[in-house]
Protein chains: 2
Amino acid sequence: MSGIEPDIENFKKAALQCPLPHAIELIGEKWAFLILRGAFNGLRHFEQFQAGLGIARNILSDRLQKLVGCDILKREPDPSDRRKVIYSLSPKGEALLPVVVALRQWGEDWCHGQSDIVLADQRDGKPVRRIRLMSEDGRELDLKDLMWLDRRTGTALRRGDSWDGKL
Amino acid sequence: MSGIEPDIENFKKAALQCPLPHAIELIGEKWAFLILRGAFNGLRHFEQFQAGLGIARNILSDRLQKLVGCDILKREPDPSDRRKVIYSLSPKGEALLPVVVALRQWGEDWCHGQSDIVLADQRDGKPVRRIRLMSEDGRELDLKDLMWLDRRTGTALRRGDSWDGKL
DNA sequence: CTAATGAGTTGCAAAACACAACTATAAATG
DNA sequence: CATTTATAGTTGTGTTTTGCAACTCATTAG
């Protein structure tokens, strides 16, 4: 036990400052991700989201407010029709593109099977590359190739080393 | 026919094929993703997940069953202690690695700020590459560089075009 | 044999959600 | 100008999901 004590401390700290829980709070609610996907596909108005996703109006209203509130979407009146409101992706929202595409690719691989319609590069019309985790020098990395590194102390630990204990 | 009709019909049609909603049903529930992160970090037993995530026992029980049911986790009795059960990632679960890491990186960029502890390559100890969407020939792609391509018909549409009535 | 551990289940209260109906403002129509 | 329609919501009500605490049951440790 004594040998891995510092590792345990680091893992505890890692869990506390892991950015995932916060990210999940924002986009992990039931409809938020589907609304986001709508936005990525060019949906912009309340009625479009509502009819397109089949979501209840009050829930949609709530989710849009939250997404705007955390700066994933921006909300602005439509200059061409002042009844309308335009919801569009902010930079923070656009930055979720790799997440959305990675999840889509996973769904294709493990749930659906390739769909006919694929994302492609406008420039040459070729389908986009598969999203994967890579090392600094470009090798593809798997779960077993990974470790956690504390950059201040230089402490390194293999995955799974210390979660057998308590925490 | 006014404004939204063609948009919504086309969106709905594409939505039926889109792998995202199904993927989200599996891992988009509030705790599912955090359980998954626990599994990626080496948590394996019920009590570890419970104490580590602070999740209610009945919810945890339900989520683990669902994750096992859709083959993201596998559940097996611990041979060394027959009270214990080992939950571990199946290949389908491991394949979510890019999604998890991409979301983590997004959280670092837009919510937290870089944390001290980073994922690194075991081989050389260097932090992993940033996950991003790339073209066939390796250029980084942004939302505005993308289009949808129907591989059977060869039909191509710019993002946003589609749902404004063309498809 | 007794106590403690591990993996759940059960019952109840609180929160989130779904559905329908309603409001307020702006635009289109006659 | 008066009336109708479109858009983006809000409100009220019932249902479903979640969270919390206490409990069971089998296995293991002392």
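Letters A, B, ... mirror the listed sequences (proteins, then strands); counts begin at 1. Predicted, not measured: the structure shown is a model, and the values here were computed from it.
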Starting from the 5' end of DNA chain C, give me the residue, A:Ala56 or A:Asp81, whose nearest nucleotide shows up first. A:Ala56

Just the rounded figure in Å: distance from [atom2] of [N] to [atom1] of [X].
X	N	atom1	atom2	result
A:Glu29	D:dT17	CD	C1'	13 Å
B:Gln50	D:dG19	CD	P	12 Å
A:Lys30	D:dT17	NZ	C1'	9 Å
B:Arg57	D:dC25	CZ	C1'	13 Å
A:Ile86	D:dT7	CD1	P	13 Å
A:Arg83	D:dT4	CZ	P	17 Å
B:Trp31	D:dT18	CH2	P	11 Å
A:Arg63	D:dT10	CZ	C1'	16 Å

Between D:dA6, D:dG19, D:dG9, which one does the side chain of B:Ile59 approach most closely? D:dG19

Base, sugar-phosphate alone, or nothing: which one does [X] contact when heavy atoms must sit under 4.0 Å apart?
X	value
A:Asp62	nothing
B:Asn58	base
B:Phe49	nothing

Keeping [X] on the side-chain end and [Y] on the backbone end, is there a donor-acceptor pair under 3.5 Å?
X	Y	value
A:Gln50	A:Ile55	yes
B:Arg151	A:Ser115	yes
B:Glu136	A:Lys126	no

Other residues, nucleotides, ligands: >12 heavy atoms within 6.0 Å of B:Arg123 CZ: no

Kindly determine whether A:Glu29 and B:Lys30 satisfy side-chain contact (heavy atoms from CB on, under 4.5 Å), including the steps that lead there. CA-CA 6 Å; A:Glu29 273 181 300; B:Lys30 184 170 181 188; over 6 Å; no

Between which nucleotides of DNA chain C, 5' to 3', does chain B make heavy-atom contacts below 4.0 Å? C:dT5 to C:dG11

So, is A:Ser61 near the phosphate of D:dA8, with a side-chain N or O under 4.0 Å from OP1 or OP2? no

Side-chain N,O (A:Tyr87) to OP1/OP2 (D:dT7) below 4.0 Å: no

May I have the step-by-step check of side-chain hydrogen bond (donor to acceptor under 3.5 Å, both in side chains) for A:Trp148 and B:Asn41, ending in yes or no? CA-CA 10 Å; A:Trp148 290 107; B:Asn41 282 322; 3.1 Å; yes

Output the distance between atom CG (B:Leu119) and atom CZ (B:Arg104), rounded to the nearest 0.5 Å. 6.0 Å

